[in-house]
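Note: hydrogens, waters and symmetry copies are ignored here, and every other heavy atom, side chains too, is used.
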Amino acid sequence: MPIRLLPPVLVNRIAAGEVIERPAAAVKELVENAIDSGADRIEVTLREGGQALIAVADNGGGMTADELSLAVERHCTSKLPDDDLLRIVALGFRGEALPSIGAVSRLKIVSRPPGADSAWEIAIEAGVKHAPVPAAHPPGTRVEVRDLFFATPARLKFLKTPRSERDQAVDAVKRLAMAYPEIAFTVIGDDDRVLLRLAAETAALSSRDMTHDPRRARLAALLGREFAENSVAIDAERQGFRLTGRIGLPTLNRGLPRDQYLVVNGRPVRDRLLVGAVRGAYQDVLARDRHPIVALFVDGPADEIDVNVHPAKAEIRFRDGALIRGLIVGALRHALDAAGHRASTTVADAALAAFRAPNGTSTGSPAMPRFALPPGSAPRALYETGNAFLAPAPAAEIAAPPADEAETPLGNARAQLHGTYILAETASGIVLVDHHAAHERIVHKRMKEALAERGVARQALLLPEVVELDPTLAARLAARAEELAEFGLILESFGPGAVVVREVPALIPGLEVAALVRDLAEELAEWDDALSLKERIDSVCGTLACHNSVRAGNRLSQAEMDALLRQMEATPNSGQCNHGRPTYVTLALSDIERLFGRR
């Protein structure tokens, strides 16, 4: 078949397949146009998830009849005044969205510039353009997209349920709303149900309330009170780039990364470099199958960022990706360290909920727990009467409680329960500590500091230990032998399906060598080259720390328990272990009183 020029309608439909893959993509493009027009109020209407109708109305700059005719032609735009693709400051710039949408739907646009006598309306149906006609409309623009993909029925087969498509569209609006708190957004669904309503967070509010931060208020409105209470602020700069936003504490996490919002120069993106940097920042405080909640905003020189690398403008490219990655990882880790031993309030909320029956009343356990009280913490008669529920802990000198209780946020140990948990008393309630998880975090920090300062001391095994593994895992471990040696673990290949361990870290007495080696082999199989050396080092530290921590079932003395509490208070990120699990739960006295009906 000879080479031929494709007809314009088919060209537009091909472009639509790249730019408008689903209703949410059309919503994103239309809302971006509304933002670029200078609007401070945008309303989106969706019917049947956007397939039957998408309507976007704004109070922006509007268009004249001549501009309407050009706006629906391919590659017509007002957003590249200097034709410079290296300095793009608008959300849109290609001039493909409206013609692509018009090629696969019934499109109608009515617009009126401020000060104009009347509005103009233009219609396109399956790529067929009609002449503009006068219309009645207030200043601004309204775009209606009906019967999306009716001109390309095959595309309809790939759409999900109306509800799923609706949720995707609302998420697209949320991401843009997060980037522009000064704009009011409304999304209306079927039966005129309001799906999203966000008031404009303006500077006027800030002048009346000096504590009001428009961006933080918008984040709270979108992500909820839970995120607002359990997040820390980010503000860092490096070589012309500034990173701001808020990130959730590690104990506030999700099973999927859907609550990670990343905005670059006002453009919401789903960039692999940025997502990878967030993962790296949380590497040693969160399990690999859990994801933090973050809202991050990167602002920098437009000529250092290429936004013209993806048809839907969802991905970007930085000229110096390592700089941005380092900025994000460093800023997030610094903020998490500054949070100290703080854990999210959701941990305590979940604990309280576990005590409550479905009708809201408190519920008790049919059996009392078996726990140990340090001698002197309760009348000795309790021990001497043979009470089956009380067993004395090993004898130890009891440390006197500090004079200032405020200096010890985690309180003073009062008992050890089930050989696993420390019960501590504070001035305002109680604290329940998982001592294995807490000690794991402390050891992890100690190992990283030792590695940074002088390296990890090694101890030779009297008899080298051979560990049998899958041949692939054994080979992968042997290939990383030099990296593992930095942590004091000396091993080498011992045939096709085994490694021999000759030295171990001196920090870990009584180490179960085979268990540690198998854990490391499985982790390396998952990472391989997906993470940087620094991130692999952090994770290896985490695995070693887990094997060196106080085990569940170990009995601790009063002095040991109090010492652990004090170390937790002085250790960054001690509110969670290396896997993101909480290390302690705080229950306020007022909440406990409610459980027992005293309030």
Side-chain angles (χ1 to χ4, degrees), residues 8-20 23 25-45 50 53-85 88-148 151 172 176 183 267 307-308 311-313:
V9 171
L10 185 57
V11 170
N12 284 342
R13 290 179 182 173
I14 292 173
E18 297 177 341
V19 179
I20 311 300
V27 170
K28 171 181 174 292
E29 295 288 347
L30 297 178
V31 173
E32 285 182 349
N33 282 345
I35 294 172
D36 284 340
S37 74
D40 61 15
R41 188 174 65 254
I42 300 173
E43 181 178 290
V44 180
T45 302
L53 171 68
I54 298 171
V56 177
D58 66 65
N59 64 344
M63 293 175 281
T64 65
D66 290 340
E67 288 174 327
L68 272 178
S69 293
L70 284 174
V72 294
E73 295 290 342
R74 291 195 71 212
H75 306 308
C76 290
T77 182
S78 62
K79 303 169 186 178
L80 284 176
D82 301 322
D83 297 335
D84 188 355
L85 285 174
I88 296 172
V89 295
L91 292 174
F93 57 91
R94 295 196 185 109
E96 285 189 318
L98 291 177
S100 295
I101 294 172
V104 294
S105 69
R106 296 182 174 91
L107 174 67
K108 183 175 74 173
I109 309 173
V110 56
S111 187
R112 177 183 171 185
D117 295 335
S118 64
W120 289 86
E121 178 182 301
I122 193 169
I124 302 177
E125 184 169 338
V128 179
K129 173 183 170 183
H130 300 277
V133 297
H137 192 268
T141 302
R142 178 180 173 87
V143 182
E144 291 186 0
V145 181
R146 296 185 182 274
D147 303 325
L148 185 64
L176 287 164
I183 300 177
R267 183 186 304 277
V307 302
N308 190 27
K313 306 185 294 291

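- The side-chain contact (heavy atoms from CB on, under 4.5 Å) test with Glu29 is passed by exactly one of Ile20, Val56, Leu98, Val143: Ile20.
- With Arg74 contributing its side chain and Glu96 its backbone, the two residues share no donor-acceptor pair below 3.5 Å.
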(message) Checking Leu91 against Asn33 for the side-chain contact (heavy atoms from CB on, under 4.5 Å) test, could you report, in this order, the C-alpha distance in whole Å, the side-chain angles of both residues, the deciding distance, and whether it holds?
(response) CA-CA 7 Å; Leu91 292 174; Asn33 282 345; over 6 Å; no

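- To the nearest 0.5 Å, atom CD1 of residue Ile183 and atom CG of residue Leu176 are 9.0 Å apart.
- Sorted by first and then second residue, the salt bridge (Lys or Arg N to Asp or Glu O under 4.0 Å) pairs with a member in residues 55-72 form an empty list; sequence neighbours excluded.
- Shown here for Pro99 and Ala71, the closest heavy-atom pair between the two residues is CD-O, 3.9 Å.
- Of all the heavy atoms in Leu70 and Cys76, the pair that sits closest is O-CB, 3.1 Å.
- Side-chain atoms of Ser111 do not come within 3.5 Å of backbone N or O of Thr141 as any donor-acceptor pair.
- Applying the side chain to side chain donor-acceptor pair (under 3.5 Å) rule to Ser105 yields no partners; only residues at least two apart in sequence or on another chain are considered.
- Annotation: the span from Ile42 atom CD1 to Ile35 atom CD1 amounts to 4.5 Å, rounded to 0.5 Å.
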In a table with atom names and distances, give each donor-acceptor pair under 3.5 Å that connects a side chain of residues 113-140 to protein atoms at least two apart or in another chain.
unit_1	atom_1	unit_2	atom_2	d
Glu125	OE2	Arg106	NE	3.2
Lys129	NZ	Ser69	O	2.9
Lys129	NZ	Glu73	OE2	2.9

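- Using a 4.5 Å heavy-atom cutoff, the side chains of Ile109 and Met63 are in contact.
- In terms of modelled atom types and a separation under 3.5 Å, the side chain of Asn59 and the main chain of Ala39 share no donor-acceptor contact.
- When the side chain to side chain contact (heavy atoms under 4.5 Å, CB included) test is applied to Ala55, the partners found at least two apart in sequence or on another chain are Thr45, Leu53, Arg142, Glu144.
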(message) Assess the residue pair Leu30 and Ile101 against the criterion (side-chain contact (heavy atoms from CB on, under 4.5 Å)); give the C-alpha distance rounded to whole Å, side-chain angles, the decisive distance to 0.1 Å, and a yes or no.
(response) CA-CA 10 Å; Leu30 297 178; Ile101 294 172; 4.0 Å; yes

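- Annotation for Gly50 and Leu148: closest pair O-CB, 4.2 Å, computed over non-hydrogen atoms.
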